[in-house]
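We use all heavy atoms of the structure for the numbers below, so side chains are in, but hydrogens, waters and symmetry mates are not.
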Amino acid sequence: MSGDHLHNDPQIEAGFRVNDSHKHKKDKEHRHKEHKKDKDREKSKHNNSEHKEHSEKKHKDKHKDVEKHGEKHREKDGEKHRDGLKHTLKITRDKDSEKHKDGEKHREKDGEKHKDGEKHKDKHRDKDREKRKEEKLKSSSGSVKVKKENGFSSPVRVKDEPEDGFTISPTAHNKAMKRPRDDDDDYKPKKIKSEGEKKGKKRKQEEEEEDIKPKKNKTKDKGHVGEVKKKKGKKEEEEKWKWWEEERHADGVKWKFLEHKGPVFAPAYEPLPDNVKFYYDGKVVKLTPKAEEVATFFAQMLEHEYTTKDIFRKNFFKDWKKEMSADEKNMITNLSKCDFTEMAKYFKAQSEARKAMTKEEKQKIKEENEKTLQEYGFCVMDNHRQRIANFRIEPPGLFRGRGDHPKMGKLKRRIMPENIIINCSKDSKIPTPPAGHKWKEVRHDSKVTWLVSWTENIQGSIKYIMLNPSSRIKGEKDWQKYETARRLKMCVDKIRNTYREDWKSKEMKVRQRAVALYFIDKLALRAGNEKEEGETADTVGCCSLRVEHIKLYPEIDGQEFVVEFDFLGKDSIRYYNKVPVEKRVFKNLQLFMENKQPEDDLFDRLNTSILNKHLQDLMEGLTAKVFRTYNASITLQQQLKELTNADDNVPAKILSYNRANRAVAILCNHQRAPPKTFEKSMMNLQTKIDAKKDQLMDAKRELKSAKADAKVRRDEKTKKLLESKKKAVQRIEEQLMKLEVQATDREENKQIALGTSKLNYLDPRISVAWSKKFGIPIEKIYNKTQREKFAWAIDMADDDYEF
DNA sequence: AAGACTACTTAGCACACGTTTT
DNA sequence: AAAACGTGTGCTAAGTAGTCTT
């Protein structure tokens, strides 16, 4: 009954299961068939009391030392149980094992470096901390700032003492926020407020703020056109509508008024010129327009390795045939006999031509784009003109899934007005469909945020047109997300204690839930919904982990109870990590794996909805993904505290920021393929650095001689010269330093993508507070789009904001 | 409890674009 | 002026999670 044999299974040992799609398929088929059986078997097994007793006994044995062990860990654990942080990185979308190996090597280096980085910060840490403490005392004892929090959530269920003065009593914010904005308000399209007529209110100690807020310029309406050209002269405001200072809509209502112009459709297909031929089996064939269009999709991808893949070709050919006339269908029976090269050449030429266009032509196109943007890129939602995120309908083409996708190559069909559902206010001007067409439906549902939707034909899922991240409706939600994460902060200790207790539960389901939650918390894994088999790439998250995805080592590399994770997560990005876990977790995992096949679910009694239901009971609004947000944000905050050195210059501080950001990206496993030009650009930088070093040497030499000179003849002129030489050396040193910092940053960032965490997981107020505190211009942290998205945070966070 | 359906967030990548270097 | 470079944006796939039905 030991299940030991599983550990020796060569398939697991190999680890790169995913690389071989054929084997993979077999695995799947196998799994498919076996799955039900297994599940049933498991079920009856677990239900039977004998088994329960057995497992319980097993656990009792170890009770005591687990307890001790656990206790020890606990202390360190608090906020910074982030050993997962160091986890290793490897880029790989299944594909080639080459890359796997590569990644392995790099990762060691990376690990080293991070440690270094962590060390050098220590020096100043203590000093800093003290200062901070003082500041905090000052601010918290003085005026109790009543900061407005967005009261999306009702009071915390699990209350733990707020650890710092900064929290707002739930009741307070309730009062402030509860009031539904305007029951009565009938929603006529009132005049559109041009952003910015809001009162300034709040805001106290301004010192560093003043440079960020040249309040005055009343905003022009429309904000745009004239604005864009204005150079970046510091503030590119557009004083914006401060929705965050207004009250929210009542429950569930997303808007009162919504008007827009509908989507922009993909341009109609333009048949190829007659001189561009397609050959089948060596002979010219003139395709019907429908078939030709689909053929061009394939031709355009000819360069891509997709087109060499079996599944891709198979799917494509099948869908292509559906578009062919009867004659074509009869004649064209073998994709390999199709010659698309002339088409491909034609498209290449086209794109060359586009590049070679004159300035004027390019300018004209740009203007046209701007015009469509102005016309279709905005909607009016509740009196404000708001930017739409994706107002263009996705054009037809061949579906490219990520990773080993069973549907790659299928035809993504052209979306017509007849497929489109419009959502807007009853009393708005309803968008007009293109001439000769009509919408599938026009509805007026103010409980949702989308303007347009359609059903896509690959997965049958619904696609939406929604607003830009800078819009109120997205911003509020984003803000709310971080508030939920902050509430988790208050009760996370309690929750951790709870799941530790649950490791001992006699109910299998509870144990599995507790272990899964531990992973989600400690390693920031995704929840792991189940997916339909064969419909998508085979990827997993926490709840959907299979036995084959982990390996247990009672002891390895001098560590006890190590779990090795190796699986493909979202977007088929590989997650590889070796983590020591607590003994009780380890034992539980052994238990969960007993008598299972590699392709069986590790947590067979658990799924995301069970888990989330449980979380809901622990804290209102808590779901698995909140842990990711929480751990990411808290990690940033803590890393910033540790890494930032108040005496550093700006570039060095930014390096610290990026390192903190990087710690989060590593935690969340946000990887990227190293840029194709990485090596080269690295070398370029190095050359620059070398040049700068030479320059510095020269400057130093000159300084020396100037010094000597100054000693001998002590006239004004030489003195001045000396001064200027000194300055020169200093300046060059600074430049050199800047370059070196840049090099470090880039190297460390080779296969880590900071963007995703910055955009989706890090409470922007942490960054804003940091930048204010250390006098770093916010532009160095957030680019323009990011500043737009986080306008609410930039406006409201002071330098003492605590997540 | 499972499954269908819906809404919304999170994700990496290609490539256009503006800027810097030659 | 052209080439090289790096960044930001657009695109859309792929997740999470809720609700409603059976």
Check: Taking the six-membered ring for Trp, is the centroid-to-centroid distance between A/Y575 and A/F567 below 6.0 Å?
Finding: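 Centroid distance A/Y575-A/F567: below 6.0 Å, so yes.
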Next item on the list: Heavy atoms only: give me the nearest A/E788-A/S470 pair and the separation to one decimal.
Entry: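 Answer, listing the atom of A/E788 first, then A/S470: O-CB, 3.7 Å.
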Ring pair (Phe, Tyr, Trp, His ring centres under 6.0 Å) against [X], all qualifying residues, sequence neighbours excluded:
| X | answer |
| --- | --- |
| A/F316 | A/F298, A/W320 |
| A/F603 | A/F592 |
| A/F399 | A/H405 |
| A/Y464 | A/W450 |

For nucleotides 19-22 of chain C, give me every protein contact, N/O to N/O, under 3.5 Å, one pair per line with atom names.
none

Notebook entry, point to check: DNA chain B: A/S757 or A/H304, which has the more 5' nearest nucleotide?
Noted result: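 Counting from the 5' end, the first nearest nucleotide belongs to A/S757.
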Check: A/T449 or A/K355: which one's nearest nucleotide on DNA chain B is closer to the 5' end?
Finding: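 Comparing both residues, the 5'-ward one is A/T449.
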Next item on the list: Look at the side chain of A/Y464 and decide which nucleotide, out of B/dT10, B/dA7, C/dG10, has an atom nearest to it.
Entry: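 My answer, after comparing the listed nucleotides, is B/dA7.
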Closer than 4.0 Å, any side-chain N/O of [X] to the OP1 or OP2 of [N]?
| X | N | answer |
| --- | --- | --- |
| A/H670 | B/dT10 | no |
| A/K254 | B/dC8 | yes |
| A/K366 | B/dG18 | yes |
| A/K447 | B/dT6 | no |
| A/R628 | B/dA11 | yes |
| A/K481 | B/dC8 | no |

Protein-nucleotides 20-22 of chain B N/O pairs closer than 3.5 Å?
none

Which is true for [X] with a 4.0 Å heavy-atom rule: it touches a base, it touches only sugar-phosphate, or it touches nothing?
| X | answer |
| --- | --- |
| A/K676 | sugar-phosphate |
| A/K758 | nothing |
| A/P395 | sugar-phosphate |

Check: Is A/R402 paired with A/D571 through a side-chain N to carboxylate O contact shorter than 4.0 Å?
Finding: yes
Margin query: Between A/E507 and A/R513, does any side-chain N to carboxylate O distance fall below 4.0 Å?
Written below: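 Answer for the salt bridge query: no.
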Margin query: The test is ring-ring contact (aromatic ring centres under 6.0 Å, His included); show your working for A/H670 and A/Y761 and say whether it passes.
Written below: CA-CA 11 Å; A/H670 291 142; A/Y761 289 103; 5.6 Å; yes
Can you name the atoms? Protein N/O to nucleotides 4-7 of chain C N/O, anything below 3.5 Å, with the distance.
residue : atom : partner : partner atom : Å
C/dC5   : OP1  : A/N684  : ND2          : 2.9
C/dC5   : OP2  : A/K680  : NZ           : 2.9
C/dG6   : OP1  : A/R746  : NH1          : 3.2

Notebook entry, point to check: Does the A/N315 side chain pair with the main chain of A/M408, one donor and one acceptor, at a distance under 3.5 Å?
Noted result: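 Flag set: sc A/N315 to bb A/M408 pair under 3.5 Å.
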Below 3.5 Å is the cut-off: list the nitrogen or oxygen pairs between protein and nucleotides 15-18 of chain C, distance only.
residue : atom : partner : partner atom : Å
C/dG15  : OP1  : A/T539  : OG1          : 2.8
C/dG15  : OP1  : A/D571  : N            : 3.2
C/dG15  : OP2  : A/K531  : NZ           : 3.0
C/dT16  : OP1  : A/A527  : N            : 3.2
C/dT16  : OP1  : A/G528  : N            : 2.7
C/dT16  : OP2  : A/N529  : N            : 2.9
C/dT16  : OP2  : A/N529  : ND2          : 3.4
C/dA17  : OP1  : A/T623  : OG1          : 2.8
C/dA17  : OP1  : A/A624  : N            : 3.2
C/dA17  : OP1  : A/K625  : N            : 2.7
C/dA17  : OP2  : A/N612  : ND2          : 3.0
C/dA17  : N7   : A/N529  : ND2          : 3.4

With sequence neighbours excluded, tell me which residues meet salt bridge (Lys or Arg N to Asp or Glu O under 4.0 Å) with [X].
| X | answer |
| --- | --- |
| A/K412 | A/E394 |
| A/D745 | A/R662 |
| A/R628 | none |
| A/K348 | A/E303 |

Next item on the list: Could you say whether A/R400 or A/Q786 is positioned toward the 5' end of DNA chain C, judged by the nucleotide with the nearest heavy atom to each?
Entry: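 The residue closer to the strand's 5' end, by nearest nucleotide, is A/Q786.
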